[in-house]
Protein chains: 2
Amino acid sequence: MTVRLTQASAPLMRSIAVRDEFGAEREVAIPAERALTVFVDKREIVTLMTLGGAPEALAIGYLRNQRLVERLEDIAAVQVDWETDSVAVTTTRSADDLDERMGRRTVTTGCGQGTMFGDLLEEIDRVSLPAEGRLDEATLHGLLDAVRHHETIYKQAGAVHGCALATNAGDTSAILMFVEDVGRHNAIDTIAGWMWLHGVDGADKIFYTTGRLTSEMVIKSAQMGVPIVVSRSGITQMGYELARQLGLALFGRATNRHFLCYTGFERFEAQPEPARPAAKE
Amino acid sequence: MTVRLTQASAPLMRSIAVRDEFGAEREVAIPAERALTVFVDKREIVTLMTLGGAPEALAIGYLRNQRLVERLEDIAAVQVDWETDSVAVTTTRSADDLDERMGRRTVTTGCGQGTMFGDLLEEIDRVSLPAEGRLDEATLHGLLDAVRHHETIYKQAGAVHGCALATNAGDTSAILMFVEDVGRHNAIDTIAGWMWLHGVDGADKIFYTTGRLTSEMVIKSAQMGVPIVVSRSGITQMGYELARQLGLALFGRATNRHFLCYTGFERFEAQPEPARPAAKE
């Protein structure tokens, strides 16, 4: 059975008039954030603020990462209606099943106060990441180069986070999905939903985020089975502790030829030895 | 009646060993994020991930901004215990009152999925900001200079947001409170709690954040009665629309002598005309 989906991608940017420090009026692009209220079997679950570039995948990924839906097969339809800023998800499950999953709420961070249902932290003990997942230096450099070409909204409007899912296959590595959204959690949830919809496994993939390596990002990568995470930003203690516990490789401050490997350095293959900057530079 | 408070500030950073792109081991500082579960009259409300620099103010500000507590006088005690990573808030209100306030949950963004209870967006209609609040250019420059001296964690460990509350008094303007935390929402909530504890009014103040000008930041500034908000970062559409509706002045991309005024330019006083960069520069 395939999921019935709308394809309701929304305009991602709009232009507004602003004044600069000289009092001059200028037109600038800003991210066209909008509200999207998620209903599951007619029950209101949450209102997400999103750019709305891939709202169906976002809704599915949110429900997946919040453990409100166990399998893609449990979803019959995902229908976005921007007239009402809502997405109606129809499942094949019982209302009791949803009530149980709504369970008690744990609020985690990254943003400070993201939302997760159930007891994900306990679940981490049951997650096992593939030991063979390794990242070679050429692949990392290729990924960072490729990301630069995808950040269209960030370059024009700023104020968004970007997330990418890439294959980890040396010279043939490529970005499979790139999402920019006002919130990094929305971006990664959209990728999680896209992976479900396309039956994509995480074991031989790399997850990239412009955002910080927080506990929530580490947990969501692990949930998707992706053993290698690369970020342009830094790390927090909870992200560090969880990644160590999970055996996840975290590469932060990754720009140009530089990075810091916070955890899982055994998953890294230096090749070739990068040239050190010449003294005169 | 004064609130009984602990003073349980936690260590804000820790050092970990990492590998750089040359495979060399290095010691780096990271933000010492930890969980803090908030209990109100023995009822579990939320678990926040925070640096824990001012956990009592954070708990009070969270309850204030979520409208779970109406007045500081309703709080009898705020007691943080890092042994159990929890803060016990004791109120003088009835359990029914809290149940009612827990109401239905709206999840807003900034991070993508921050949490707010009740119907704050509707409340905005009842917020009125002081018309006289104005910002002169010298004060703005002074604020940006002062912020640089406060960002101690960001400079050493990165991966945190900073928020400041400053007086808006020309040459005598000063930062009253500066908070860095893993989440911008925690940082602004801590300032909101600090304002309550010290009976500080927002009308003649400036709110500064390193984070983006999202709907949640605009709503929280309005709730604190602060008419002027300055950010190092950009803006999202919901933040822009709400600020226009509220008559809030938003200054973004504010670094050195540059800024963009997104809304409320009438609250800005250019003085003196800033020197344009010389052609040769």
Side-chain angles (χ1 to χ4, degrees), chain A residues 14 16 18-23 26 28 30-35 44 46-50 104-115 137 157-159 161 181-187 212-215 233-240 253 257-262 265 268 270 274 276, chain B residues 14 16 18-23 26 28 30-35 44 46-50 104-115 137 157-159 161 181-187 212-215 233-240 253 257-262 265 268 270 274 276:
Chain A
R14 64 171 284 197
I16 63 169
V18 303
R19 298 290 198 110
D20 66 16
E21 65 271 16
F22 303 114
R26 287 164 50 175
V28 299
I30 63 172
E33 174 192 34
R34 66 205 76 220
E44 181 175 345
V46 67
T47 296
L48 304 172
M49 299 297 189
T50 176
R104 77 175 173 80
R105 191 169 50 79
T106 303
V107 174
T108 63
T109 196
C111 55
Q113 296 166 3
T115 306
E137 193 150 23
H161 279 292
D181 208 330
V182 284
R184 86 195 81 191
H185 302 157
N186 288 343
R212 293 169 291 165
L213 298 165
T214 62
S215 54
S233 303
I235 194 169
T236 69
Q237 173 162 270
M238 300 287 293
Y240 173 74
R253 307 267 177 230
R257 304 273 136 166
H258 305 293
F259 69 81
L260 291 178
C261 181
Y262 295 109
F265 191 70
F268 183 69
R276 289 167 184 275
Chain B
R14 63 171 283 196
I16 63 169
V18 303
R19 297 289 198 110
D20 66 16
E21 64 272 13
F22 304 112
R26 287 164 49 176
V28 299
I30 62 172
E33 174 192 32
R34 66 205 77 219
E44 181 175 345
V46 67
T47 296
L48 303 173
M49 299 295 189
T50 176
R104 76 174 174 82
R105 191 169 50 81
T106 302
V107 174
T108 62
T109 196
C111 55
Q113 297 166 3
T115 306
E137 193 151 23
H161 279 293
D181 208 331
V182 284
R184 86 195 82 190
H185 302 156
N186 286 345
R212 293 170 291 163
L213 298 165
T214 62
S215 53
S233 304
I235 193 170
T236 68
Q237 175 163 269
M238 300 288 292
Y240 173 74
R253 307 268 175 226
R257 303 274 136 165
H258 305 293
F259 68 81
L260 291 178
C261 181
Y262 295 109
F265 191 69
F268 183 69
R276 289 167 183 274

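Computed from a predicted structure; not experimentally measured. A note on names: the letters A, B, ... follow the listed sequences, proteins ahead of strands, and every chain is numbered from 1.
The two atoms that bring B/Arg212 and A/Ala159 nearest to each other are NH1-O, 2.8 Å, heavy atoms only. Taking all atoms of both residues into account, the shortest heavy-atom contact from B/Val18 to A/Tyr262 is CG1-CD2, 3.5 Å.
Separating the CZ atom in A/Phe268 from the CD atom in B/Glu21 is a distance of 9.0 Å, to the nearest 0.5 Å. A/Leu260 contributes atom CG, which lies 11.5 Å from atom CD1 of B/Ile30 (distance to the nearest 0.5 angstrom). Atom CZ of residue A/Arg19 and atom CZ of residue B/Phe259 lie 10.0 Å apart, to the nearest 0.5 angstrom.
Interface summary for chain B: among A/Gly234, A/Pro31, A/Gly23, the most heavy-atom pairs under 4.5 angstrom belong to A/Pro31.
No option in A/Glu33, A/Arg34, A/Arg14 other than A/Arg14 meets the side chain to side chain donor-acceptor pair (under 3.5 Å) test with B/Gln237.
The part of B/Ala157 that comes within reach of chain A is its backbone (N, CA, C, O), which places non-hydrogen atoms under 4.5 angstrom from that chain.
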